[in-house]
Amino acid sequence: MEDLNQVLRVRREKLAALSERGIEPFAYNFTRTATSAEVRGSFEDAERAGRLEEGGYGGRAALGGRIVAWRSHGKSAFANLEDAAGRIQLYFRKDVLGEAGFGDLDLLDLGDWLGVEGTAFRTRMGEVTVRVDSWTLLAKSLRPLPFGKVEVAPDTGEHIVHSGFADTEARYRQRYADLAVHPEVRNVFRTRARVISELRRFLDDEGFLEVETPALQPLYGGASARPFLTRHNALDRTMYLRIADELYLKRLIVGGLDRVYEISKDFRNEGIDRFHNPEFTMLEWYQAFSDYEDQMELVERLVVQVVERVHGSRAFRFGEHEIRVDPPFGRLRLVDALSAALAQDVLSLTDRELRERAQAMSLPDLDGAGRGKLIDKLFGALVEPELVQPTFVIDHPKELSPLAKPKRGEPRLTERFELYMAGTEVFNAFSELNDPVDQRERFEAQAELRAAGDEEAQAIDEDYIRALEYGMPPTGGVGMGVDRFVMLLANQASIRDVILFPILRTDE
RNA sequence: GACCCGGUAGCUCAGCUGGUAGAGCAACGGACUUUUAAUCCGUAGGUCGUGGGUUCGAGACCCACCCGGGUCACCA
């Protein structure tokens with residue numbers, strides 16, 4: 001307590017003063033009758049209908065919120081109260097509240113939760129305001145929130161924040177403070193929730209069954225990534241946090257649950273940057289009797305519906321781009337697009353020629369890159385950035401897609417697509433490999449890579465092969481990075497801005 | 001993991017080729033009964049990320065480390 005700085009000490013002193021005056025600083029409840037938006041709305045309705053009382057007052061209301069601005073003027077004071085619906089101005093007068101009720105306002109601070117009752121009116125400056133005739137402290141704030149001052153530009157109505165809370169590290173570490181002072185951050189997470197519930201709604205309506213598969217697994221698989229390890233004490237064995245849902249969901253297809261999906265946290269033990277958080281949210285679905293063509297059609301309908309429900313239109317802004325999700329989306333065969341960009345047929349180029357082309361562009365980290373990786377790098381550098389509007393990139397070379405069925409009639413390609421928007425991959429899908437003999441061979445190839453030191457190569461999953469041996473019908477499967485999809489729809493440049501508590505190093 | 005940028009008051013930042021730390025906002029005291037980035041007068045507030053080193057003297061220069069942001073690589 002001794003080392004509390006001045007600002008904190010003053011608030012503790014106010015807390016003590018409140019108790020001395022018999023004011024409970026932490027209330028148990030408060031009955032509110034309206035939100036800030038409802039008060040404003042009903043006042044404006046009454047105003048339009050000419051139903052205002054003498055003096056221009058609308059009806060009484062009780063509302064609760066956080067004090068976010070305070071302007072005191074001696075015998076009167078203005079404050080802004082913020083609740084989940086927005087902000088509204090409060091007006092306190094000494095002649096209304098009395099000596100004590102007005103004097104006790106001195107013990108309030110920015111950040112305090114306050115319940116007020118009063119009547120709405122319009123000030124000389126034209127702002128709908130609640131004239132407070134009684135107030136209740138709901139929770140005293142003992143630590144100052146980093147409020148900026150908000151200026152509303154008179155011409156544009158734009159909100160300009162002065163001296164706000166800008167330190168990104170502090171914003172992520174203390175997300176509660178970030179949310180408390182940034183209504184727009186709260187809105188990002190409302191958008192996120194909306195996107196996820198619309199994804200569910202779409203898949204539910206299509207007859208998919210939502211399932212839950214293990215996050216804690218004895219063997220991980222379904223993607224190329226390093227896992228997190230943990231330990232189960234009673235079983236005395238190492239367990240892994242899942243890196244993908246894929247293999248469990250396809251086991252369910254084998255079992256006859258012919259349309260399944262899962263929205264879950266996956267965990268990958270990899271670097272952290274603006275597109276990667278070690279735990280992230282993945283949507284995967286699998287549909288029996290369908291191939292990748294069917295899934296393209298389904299993805300197209302899903303994207304259009306979710307965007308329309310979230311934005312109320314098929315167009316939205318992302319950074320500098322105006323994205324339009326008008327079907328049919330563009331389709332681009334990967335090899336065609338890359339051949340055009342290179343002005344040479346990719347499939348006829350040798351590995352060595354591919355490497356020379358990549359080196360000529362001074363693409364980094366080419367050491368040890370195989371054919372698939374070279375193609376992927378060239379595509380990433382030459383074609384991806386151009387894919388701003390929704391575009392299906394299809395028929396990837398076999399080297400790039402060990403989990404997809406071969407393309408009918410073109411065995412060097414696979415039946416796979418990725419949907420790109422704003423230059424990033426959002427969906428990835430295959431006609432799923434359902435031949436257990438082929439699957440075993442591919443697992444064994446992975447095992448060789450693993451033995452050679454590739455930590456991301458997959459292990460042989462004998463149980464999964466057994467499942468395939470019972471018979472898996474032809475199946476189309478789709479995976480989507482939910483956080484990245486939310487980034488697009490909420491116009492956020494970093495994955496940390498769509499995850500409430502992104503992973504940071506510990507700060508002790 | 002590599003490279004670049006950053007960490008100074010509760011918040012946002014300034015601090016020159018090294019000379020014992022500044023502003024605005026917030027806070028505190030005072031004036032002000034329709035203000036709105038309220039205004040005006042006054043006061044107080046700092047282990048300069050951490051630890052070493054160079055120097056008569058380090059917020060600044062050197063080394064190491066911690067934390068964050070960005071770019072690249074892997075991936076969604």
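Below, chain A is the first sequence line, B the second, and so on; all start at residue 1. Note that the structure is predicted; figures quoted are calculated from it, not measured.
Rounded to an integer number of Å, the gap from NE2 of A/His182 to P of B/U12 is 9 Å.
Using a 4.0 Å cut-off, no side-chain N or O of A/Arg71 falls inside it from OP1 or OP2 of B/U35. Distances shown here put a side-chain N or O of A/Arg505 below 4.0 Å from the OP1 or OP2 atom of B/G68. For A/Arg274 and B/U71, the shortest distance from a side-chain N or O to OP1 or OP2 is below 4.0 Å. Proximity of A/Arg124 to the phosphate of B/U35: a side-chain N or O atom is located under 4.0 Å from OP1 or OP2. When the side-chain nitrogen and oxygen atoms of A/Asn5 are compared with OP1 and OP2 of B/G10, one or more of them lie within a distance under 4.0 Å. Phosphate contact (OP1/OP2 of B/A38, side-chain N/O of A/Lys149, threshold under 4.0 Å): present.
Backbone-only engagement by A/Arg496 is indicated by non-hydrogen atom pairs under 4.0 Å involving sugar-phosphate atoms exclusively. Across all strands shown, A/Thr281 has no heavy atoms under 4.0 Å from either base or sugar-phosphate atoms. Using a 4.0 Å heavy-atom criterion, one finds that A/Asp167 contacts the sugar-phosphate atoms exclusively. Nucleic acid contact for A/Tyr172: sugar-phosphate only, since backbone atoms but no base atoms lie under 4.0 Å from a heavy atom of the residue. Within the 4.0 angstrom heavy-atom criterion, base atoms lie near A/Asp273. A/Leu504 comes within contact range of the sugar-phosphate backbone alone, with a heavy-atom separation under 4.0 Å but no base atom that close. As judged by a 4.0 angstrom heavy-atom cut-off over every strand, A/Asp106 is placed among residues making no nucleic acid contact.
Nearest nucleotide to the side chain of A/Met125, out of B/U35, B/C32, B/G68: B/U35. Relative to the side chain of A/Glu151, the nucleotides B/A37, B/U34, B/G70 differ in distance, and B/A37 lies closest. Here the nucleotide nearest the side chain of A/Asp109, chosen from B/U12, B/U33, B/A27, is B/A27. Nearest nucleotide to the A/Ala166 side chain, out of B/C32, B/U34, B/C13: B/C13. Ranking B/G45, B/U12, B/C32 by closeness to the A/His73 side chain, first place goes to B/C32. Listed candidates were B/A37, B/G68, B/A73. Nearest to the side chain of A/Lys377 is B/A73. Comparing B/A26, B/U36, B/G68 by their closest approach to the side chain of A/Arg173 singles out B/G68. Of the candidate nucleotides B/U36, B/G68, B/A37, B/A37 has the atom nearest to the side chain of A/His162. Each of B/A37, B/C74, B/U33 was ranked by its minimum atom distance to the side chain of A/Lys75; first place goes to B/U33.
Remark: the A/Ser36 side chain and the A/Asp83 side chain contain an N/O donor-acceptor pair separated by less than 3.5 Å. Counting only N and O atoms by type, the side chains of A/Tyr261 and A/Glu284 include no donor and acceptor under 3.5 Å apart.
For B/U34, its base never sits under 3.5 Å from the side chain of A/Glu127 at any donor and acceptor pair. In the interface, the side chain of A/Thr123 is paired with the base of B/U35 through a donor and an acceptor atom under 3.5 Å apart.
Base pairing of B/C28: its partner is B/G42, meeting the Watson-Crick or G-U wobble criterion (both donor-acceptor distances under 3.5 Å). Both distances falling under 3.5 Å, in either a Watson-Crick or a G-U wobble arrangement, place B/G51 opposite B/C63. Of the nucleotides present, B/C56 is the one that pairs with B/G19 by Watson-Crick or G-U wobble criteria, both distances under 3.5 Å. Using the Watson-Crick or G-U wobble rule with both distances under 3.5 Å, B/C72 pairs with B/G1.
In this structure the side chain of A/Asp461 reaches within 4.5 angstrom of the side chain of A/Leu247, judged on heavy atoms. Residues A/Glu418 and A/Arg416 form a side-chain contact, since some pair of their non-hydrogen atoms from C-beta on lies under 4.5 Å apart. Residues A/Val303 and A/Gln305 fail the side-chain proximity criterion, which asks for heavy atoms closer than 4.5 Å.
With both ends at atom P, the span from B/A9 to B/A23 equals 14 Å, rounded to whole Å. Comparing the P positions of B/U34 and B/G24 gives a spacing of 27 Å, expressed to the nearest Å. Going from the C1' atom of B/A14 to that of B/G46 covers 15 Å, rounded to whole Å. Annotation: B/G6 and B/C13 have their C1' atoms spaced 13 Å apart (nearest Å). When the C1' atom is compared between B/U12 and B/C65, the two are found 28 Å apart, to the nearest whole Å. Rounded to a whole angstrom, the distance from the P atom of B/A73 to that of B/C63 is 29 Å. The gap from the C1' atom of B/G57 to that of B/G69 amounts to 34 Å, rounded to the nearest Å. Straight-line distance between the P atoms of B/C16 and B/G22: roughly 13 Å, to the nearest whole Å.
The backbone N or O of A/Lys265 lies less than 3.5 Å from a partner atom in the side chain of A/Arg242, making a donor-acceptor pair.
Map A/Val10 and A/Gly481 each onto its nearest nucleotide of RNA chain B; the residue landing nearer the 5' end is A/Val10. Nearest-nucleotide assignment on RNA chain B puts the 5′-proximal partner with A/Pro144, out of A/Pro144 and A/Arg131.
Cation-pi contact between A/Arg40 and A/Phe43: absent, since separation from the ring centre below 6.0 Å together with deviation from the ring axis within 45° is not met.
Below 30°, between 30° and 60°, or above 60°: for A/His73 and A/Phe78 the angle between ring planes is above 60°, a perpendicular geometry.
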